[in-house]
Participant: 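Can you keep this structure in mind? I'll have questions shortly.
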Amino acid sequence: MMKKFFILSVFSSLLMSCGLLFTTGNTPVNTLVLSDGTYLSTDEYNEITPFVIHDTNGTSYLFFSSDRSNSYDIYYSIINPDGTFEKPKILPLSINTSDLDELFPVVYMEGNYYKIAFLRISNNSTNILCAYSSDPLFSAPTFYNKLFSGNLTGLGLARTKSGVYPLLTVSKSSTQYFMSLSSDGFYLVFATNLLSACYSANEFSVPIQNGNSDLYIKAVKAGTKFQTAAELYSRITIITQIIIPLVTNYTLTNTVVISNTIPLDPYNSIFNDISPFVDTKDNFKVYFASDRYDGDSHKGDYDLYRFNIYTFTNLPATKNLITVDNTAPIINFGIITNGQTLYSGELPIFVNDNICNGYFIKLYAGTNINELAEQYYDSFFNSWTLYLYMNGQYLTIYCYAEDWFGNVSATNSIYIYDQGA
């Protein structure tokens, strides 16, 4: 084997072992296969730190690091609808370097831009670099100032109700730092303490009745190995109403949030399974790197794999918290009516659902001139806003919504005259 082990001496905490999480017992662990039937991972090189993003145009990408070009560099592969992958390609040299190691790519959208954060190892130190671009493959990225360096052990993504943040692990501690990237620098927005120290973590929110739960998937140390573990932080809202009898039609509502932290038992692995990432789209898949070499010469020490996990309604620790939602959301346009003239160029769109709201709903809207596209939720106005630029035209607006449980609304439409600003 010609595997490159330089990273073991510099970043040894990453390349130990992480057990598998939430397997059904009969669910196979699958190697990643290209569309031509060959494997995505190489024979003699390492592939680690996978990360998946689903673009709003319908294209899905797998980002990962590999040492197939001497040092560790960041690559991407398009994920096909049938679950196969296209041949990996390297990101531009502005992202990668010829003699340093780039690891833990985290890619997400913010407005009309794609942002990437990753770790770069140099002279036994680790730095965070961040850039943004108008395309998901960062053909011409704009880098932020050098942001942060130190004893960094992992980088993930937090997808919370309040927003999307790179999630940084420092010094193998239990504290996770939520980061904000902007053109003038780098900010630590807030931090949270997990139940145990970890080497990297990803987080995403799950809707529950009267609240939400934040699920952390993390790499922890168990004996001499590393494995994947999880914990669930539930925020359940209890609303009490105080009626003031001397004031007509006035009710004071008091909201109390009850937090509950639940550890989920890790799955013990006999292999070195590292850098897990959970893709929450289409039945929830765990991507990870593993040294589960099967004895054939076509596989190397660290290759990429994936497997399905239970849905949250079947997990023992969460099934009693989550109410199964089979009701589709409903779309309305508030006080805007058919034939009305709009002067602001902005159309508010409201979505009602019995459990999900805002963060847990996707809204797609378009016109008879523009194709349907995913819209962004405005938490301040508690609505989606479709921005119209067709001054002096009659428009038919079409839109539909999908909630977190996969229920899709009927397509609703409204006919308006766009006067413009």
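From a predicted model like this one, the values you see are computed outputs, not experimental measurements.
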Participant: How far does CD1 of Ile79 sit from CZ of Phe85, to the nearest 0.5 angstrom?
Facilitator: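 These two atoms lie 4.5 Å from each other.
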Participant: Using the six-membered ring wherever Trp is involved, compare the ring planes of Phe277 and Phe51 and label them parallel, tilted or perpendicular (cut-offs 30° and 60°).
Facilitator: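 It falls in the tilted class, 30° to 60°.
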Participant: Keeping the roles fixed (side chain from Gln375, backbone from Ala373), state whether a donor-acceptor pair exists under 3.5 Å.
Facilitator: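 Answer holds: yes.
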Participant: Under 3.5 Å, is there a donor on one side chain and an acceptor on the other for Ser65 and Thr49?
Facilitator: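 Side chains of Ser65 and Thr49: pair found under 3.5 Å.
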Participant: Name the orientation class of the two ring planes belonging to Tyr165 and Phe178 (parallel below 30°, tilted from 30 to 60°, perpendicular beyond 60°).
Facilitator: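 Taking Phe178 first and then Tyr165, their aromatic rings stand perpendicular (interplane angle over 60°).
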Participant: Without swapping roles, check the side chain of Asn202 against the backbone of Leu157 for a donor-acceptor pair under 3.5 Å.
Facilitator: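 A pair under 3.5 Å: yes.
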Participant: Could you tell me if the side chain of Asn151 sits less than 4.5 Å from the side chain of Lys172, heavy atoms only?
Facilitator: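 Side chain of Lys172 against side chain of Asn151, heavy atoms only: contact under 4.5 Å found.
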Participant: Using distance alone, with no hydrogens and no angle criterion, decide if Thr38 and Lys87 have a side-chain donor and acceptor under 3.5 Å apart.
Facilitator: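 The answer is no; no qualifying pair exists.
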Participant: Go through the steps to decide whether Tyr75 and Ser69 satisfy the test side-chain hydrogen bond (donor to acceptor under 3.5 Å, both in side chains), and finish with yes or no.
Facilitator: CA-CA 10 Å; Tyr75 291 75; Ser69 296; 2.5 Å; yes
Participant: Is a side-chain N or O of Ser213 found less than 3.5 angstrom from the main chain of Leu232, in a donor-acceptor match?
Facilitator: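 Not a single qualifying donor-acceptor pair exists.
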Participant: Side chains of Leu347 and Phe333: closer than 4.5 Å at any heavy-atom pair?
Facilitator: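 In contact.
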Participant: Quick one: CG on Leu167 to OH on Tyr177, what's the gap to the nearest 0.5 Å?
Facilitator: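 Separation between the atoms: 11.5 Å.
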Participant: For a side-chain hydrogen bond (donor to acceptor under 3.5 Å, both in side chains) check, start with the C-alpha distance between Ser77 and Glu86, then their side-chain angles and the critical distance, and finish with the verdict.
Facilitator: CA-CA 6 Å; Ser77 175; Glu86 292 303 308; over 6 Å; no
Participant: Can you check whether Tyr113 and Tyr132 have ring centres sitting under 6.0 Å from each other?
Facilitator: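 They qualify: ring centres under 6.0 Å apart.
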Participant: Over 60° means perpendicular and under 30° means parallel, so tell me whether Phe360 and Trp404 are parallel, tilted or perpendicular.
Facilitator: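 Rings of Phe360 and Trp404: perpendicular, as their planes differ by over 60°.
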Participant: Say whether Asp55 and Thr59, considering side chains only, have a donor N or O and an acceptor N or O under 3.5 Å apart.
Facilitator: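 Not at all, the side chains of Asp55 and Thr59 share no donor-acceptor pair under 3.5 Å.
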Participant: Output, in order, the C-alpha distance, side-chain angles, deciding distance and verdict of side-chain contact (heavy atoms from CB on, under 4.5 Å) for Leu91 and Phe63.
Facilitator: CA-CA 9 Å; Leu91 285 185; Phe63 292 87; 4.2 Å; yes
Participant: Using a 4.5 Å cut-off on heavy atoms from C-beta on, say whether the side chain of Tyr76 contacts that of Lys89.
Facilitator: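 Side chain of Lys89 against side chain of Tyr76, heavy atoms only: contact under 4.5 Å found.
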Participant: More than 12 heavy atoms of other residues, nucleotides or ligands under 6.0 Å from CD1 of Ile330: yes or no?
Facilitator: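 Incorrect, the count does not exceed 12.
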Participant: I'd like to know if the side chain of Asn96 reaches the main chain of Ile74, judged simply by a donor and an acceptor atom lying under 3.5 Å from each other, with no hydrogens or angles considered.
Facilitator: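 Yes.
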Participant: So do Leu62 and Leu40 actually touch side chain to side chain, heavy atoms under 4.5 Å?
Facilitator: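 Yes. Closest side-chain heavy atoms under 4.5 Å.
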Participant: Quick one: pull up OH in Tyr216 and OG in Ser196 and give me the separation to the nearest 0.5 Å.
Facilitator: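 That separation rounds to 13.0 Å.
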Participant: Would you say Cys130 and Ile116 make side-chain contact, with heavy atoms under 4.5 Å?
Facilitator: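 SC-SC contact between Cys130 and Ile116 ruled out.
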Participant: Give a yes-or-no answer on whether the side chains of Ser71 and Asp99 include a donor-acceptor pair shorter than 3.5 Å.
Facilitator: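 Asp99 and Ser71 do not have a side-chain donor-acceptor pair below 3.5 Å.
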Participant: Can you establish whether the number of heavy atoms outside Asn57 located under 6.0 Å from its atom CG is more than 12?
Facilitator: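 Yes.
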Participant: Quick one: ring pair (Phe, Tyr, Trp, His ring centres under 6.0 Å) partners of Tyr114, sequence neighbours excluded?
Facilitator: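 In terms of ring pair (Phe, Tyr, Trp, His ring centres under 6.0 Å), with neighbours along the sequence ignored, Tyr114 is linked to no residue.
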Participant: On the six-membered ring of Phe288, is Arg306 placed so that its NZ or CZ lies under 6.0 angstrom from the centre and within 45° of the ring axis?
Facilitator: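 No cation-pi geometry.
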Participant: What closest approach, in Å, do Ile361 and Ala401 show between heavy atoms, and which atom pair accounts for it?
Facilitator: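 For Ile361 and Ala401, the tightest heavy-atom pair comes out as CG2-CB, 4.1 Å.
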Participant: State, with a plain yes or no, whether a side-chain heavy atom of Ile128 is found less than 4.5 Å away from one of Leu119.
Facilitator: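 In short, these two side chains touch, coming nearer than 4.5 Å.
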Participant: Any ion pair linking Glu402 and Lys362 (charged N to carboxylate O, less than 4.0 Å)?
Facilitator: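 Looking at Glu402 together with Lys362, the answer is no, because their closest N to O distance does not fall below 4.0 Å.
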Participant: Any side-chain heavy atom of Ile414 within less than 4.5 Å of one from Ile336?
Facilitator: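 Yes, close enough: below the 4.5 Å cut-off.
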Participant: How far does CG of Leu34 sit from CG of Asp36, to the nearest 0.5 angstrom?
Facilitator: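 Rounded to the nearest 0.5 Å, the CG-CG separation comes to 5.0 Å.
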Participant: Is there a donor-acceptor pair under 3.5 Å between the side chain of Thr31 and the backbone N or O of Tyr305?
Facilitator: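 No; zero donor-acceptor contacts below 3.5 Å.
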Participant: May I ask you to test the Glu203-Thr192 pair for a side-chain heavy-atom distance under 4.5 Å?
Facilitator: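 They are not in contact (no side-chain heavy atoms under 4.5 Å apart), so the answer is no.
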Participant: Write down the atom of Leu304, the atom of Glu47, and the distance for their closest heavy-atom approach.
Facilitator: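 Minimum heavy-atom separation between Leu304 and Glu47: CD2-O, 3.4 Å.
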